[in-house]
Amino acid sequence: MNNTLRAAAFLDKGGTGKTTTVAHLGVALEELGYRVLLVDLAGKQGDLAKHFGVWRDYQQQINADEAWPNISTVFDDAWGTIADKLGTTAVEDLVIPTAEGPDLIPAHPGLDTLDAELGNIDDARERYSRFEQFLDEYVDPLEYEVVLVDLPGMTNNVSYNGLWATRHVITPVEMGPFEAEQADALRRDLAKIAENFAVGIDLALVLPNKVDTRTTLAEEYLEAFRTEYPEGIAPNYIPYSQDIRNAAQNGMTAFALEEPSTTAKRAREGYLDAAETLITRLGGDNHV
Ligand SMILES: Nc1ncnc2c1ncn2[C@@H]1O[C@H](COP(=O)(O)OP(=O)(O)OP(=O)(O)O)[C@@H](O)[C@H]1O
Ligand SMILES: [Mg+2]
């Protein structure tokens with residue numbers, strides 16, 4: 001029986017914290033005792049791998065033409081044949097470990113042309129379900145308990161594949177009137193997808209991010225989001241923390257900081273709470 005829980009970080013907008021959220025929730029879930037795989041479909045810049053300090057090594061492999069197969073290969077027509085030929089190592093070769101717990105399938109420059117390539121597949125079902133086929137057949141047997149996917153900050157064939165495969169969305173939102181509109185647009189997007197493809201995709205976790213609690217406006221927006229998304233909203237928000245930014249630049253999450261600031265500590269707690277809530281929303285058994 002397959003018990004792998006899946007979710008994807010998505011919002012048709014850049015910079016709200018999708019990659020940061022995937023990285024931190026991944027580590028938080030590991031801290032709670034889950035085996036986690038993170039997959040980067042967000043683009044060739046390799047942000048998720050950078051977040052764990054493993055991009056430089058992988059980039060050397062890419063430059064030396066040794067990063068094959070890679071995350072873009074699994075969308076290929078010929079992936080089944082390739083995987084058969086490579087045998088059991090095919091998927092294991094894609095996965096790299098990180099020092100903070102989660103395993104990772106990093107991005108690859110091949111993701112650049114993937115949207116257009118998928119666009120050439122006539123059959124819509126086939127076009128959007130390549131990634132699901134890959135997760136079902138090749139990743140589920142690895143027995144991860146949770147798979148989190150980082151998606152591009154735009155609606156395209158790649159993000160559709162991620163949504164189709166996971167059916168559950170994690171959305172980091174910033175506090176502001178424009179951001180509230182974005183969250184609404186997302187809800188409409190998901191409804192449209194559900195209608196077009198007769199699949200349900202739910203907003204599993206809305207996570208207020210970069211919250212500046214010194215302003216009363218932040219409180220107002222938080223309250224509005226709680227009212228608007230009573231089911232999806234996270235139990236806690238993630239404060240704005242310069243530590244998160246600095247840690248990312250040093251290839252780590254806030255969980256790896258030896259002397260975390262107050263905001264970094266609050267962020268960690270927020271992610272741990274959100275991780276537990278996420279498991280429940282995905283229908284998993286809580287370990288604790
Ligand atoms: N809670 C936070 N406090 C401070 N900085 C944050 C926080 N969350 C994210 N950031 C910073 O905001 C920037 C954008 O975050 P991130 O890269 O995770 O967003 P994204 O949605 O993945 O962006 P993109 O759409 O470009 O992939 C990064 O510099 C990140 O370090
Ligand atoms: Mg990102």
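As the structure lists them, so they are numbered: ligands from 1, and atoms in each ligand from 1. Any value given below was found using the heavy atoms of this structure, including those in side chains, with hydrogens, waters and symmetry copies removed.
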Is the shortest N/O to N/O distance between [X] and ligand 1 below 3.5 Å?
| X | result |
| --- | --- |
| Asn209 | yes |
| Gln242 | no |
| Gln45 | no |
| Thr21 | no |
| Tyr240 | no |
| Tyr271 | no |
| Pro239 | yes |
| Gly17 | yes |

Looking only at protein heavy atoms, which one is nearest to [atom], and how far off is it?
| atom | value |
| --- | --- |
| atom 28 (C) of ligand 1 | Arg245 NH1, 4.4 Å |
| atom 12 (O) of ligand 1 | Lys210 NZ, 3.1 Å |
| atom 18 (O) of ligand 1 | Thr20 OG1, 2.5 Å |
| atom 27 (O) of ligand 1 | Thr19 OG1, 4.0 Å |
| atom 20 (P) of ligand 1 | Lys18 N, 3.4 Å |

What is the ring orientation for Trp55 with Tyr58, classed by angle as parallel under 30°, tilted 30 to 60°, or perpendicular over 60°?
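Plane angle between 30° and 60°, so tilted.
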Which heavy atom in Glu126 sits nearest to a heavy atom in Gln133, and how many Å separate them?
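Taking Glu126 first and Gln133 second, the nearest heavy atoms are OE1-NE2, 3.6 Å.
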What are the two closest heavy atoms between Thr16 and Glu174, and how far apart are they?
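Minimum heavy-atom contact is CA-OE2, 3.3 Å.
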Heavy-atom distance under 4.5 Å between the side chains of Leu29 and Ile279, does that happen here?
yes
Taking the side chain as every heavy atom from C-beta outward, state whether Leu41 and Phe75 have any atom pair closer than 4.5 Å.
yes
Counting neighbours of CD on Glu228 that are heavy atoms of other residues, nucleotides or ligands and sit closer than 6.0 Å, is the number greater than 12?
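Counting other residues, nucleotides and ligands, CD of Glu228 exceeds 12 neighbours.
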Per-atom contacts of ligand 1 with [X], taking only distances under 4.0 Å to non-hydrogen atoms:
| X | result |
| --- | --- |
| Ile238 | 1 (N) |
| Gly14 | 25 (O) |
| Ile244 | 1 (N), 2 (C), 7 (C) |
| Gly15 | 14 (C), 19 (O), 20 (P), 21 (O), 23 (O), 24 (P), 25 (O), 26 (O) |

Within the stated cut-off of 2.8 Å, is an N/O/S atom of Thr20 closer than that to the Mg ion (ligand 2)?
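Here the distance criterion (N, O or S atom, under 2.8 Å) is not met by Thr20, so no.
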Flag the pair [X] and [Y] as a salt bridge only when some basic side-chain nitrogen lies within less than 4.0 angstrom of an acidic carboxylate oxygen.
| X | Y | result |
| --- | --- | --- |
| Arg266 | Glu269 | no |
| Lys44 | Asp112 | yes |
| Glu195 | Arg188 | no |
| Arg214 | Asp212 | yes |
| Asp136 | Arg6 | yes |

Is it the case that the side chains of Thr253 and Glu100 hold a donor-acceptor pair, with the cut-off being a distance below 3.5 Å and no angle test?
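Yes, side-chain donor-acceptor contact under 3.5 Å.
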Hey, does Ser241 sit under 4.0 Å from ligand 1 if you only count heavy atoms?
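It does, in that a heavy atom of Ser241 comes within the 4.0 Å cut-off of ligand 1.
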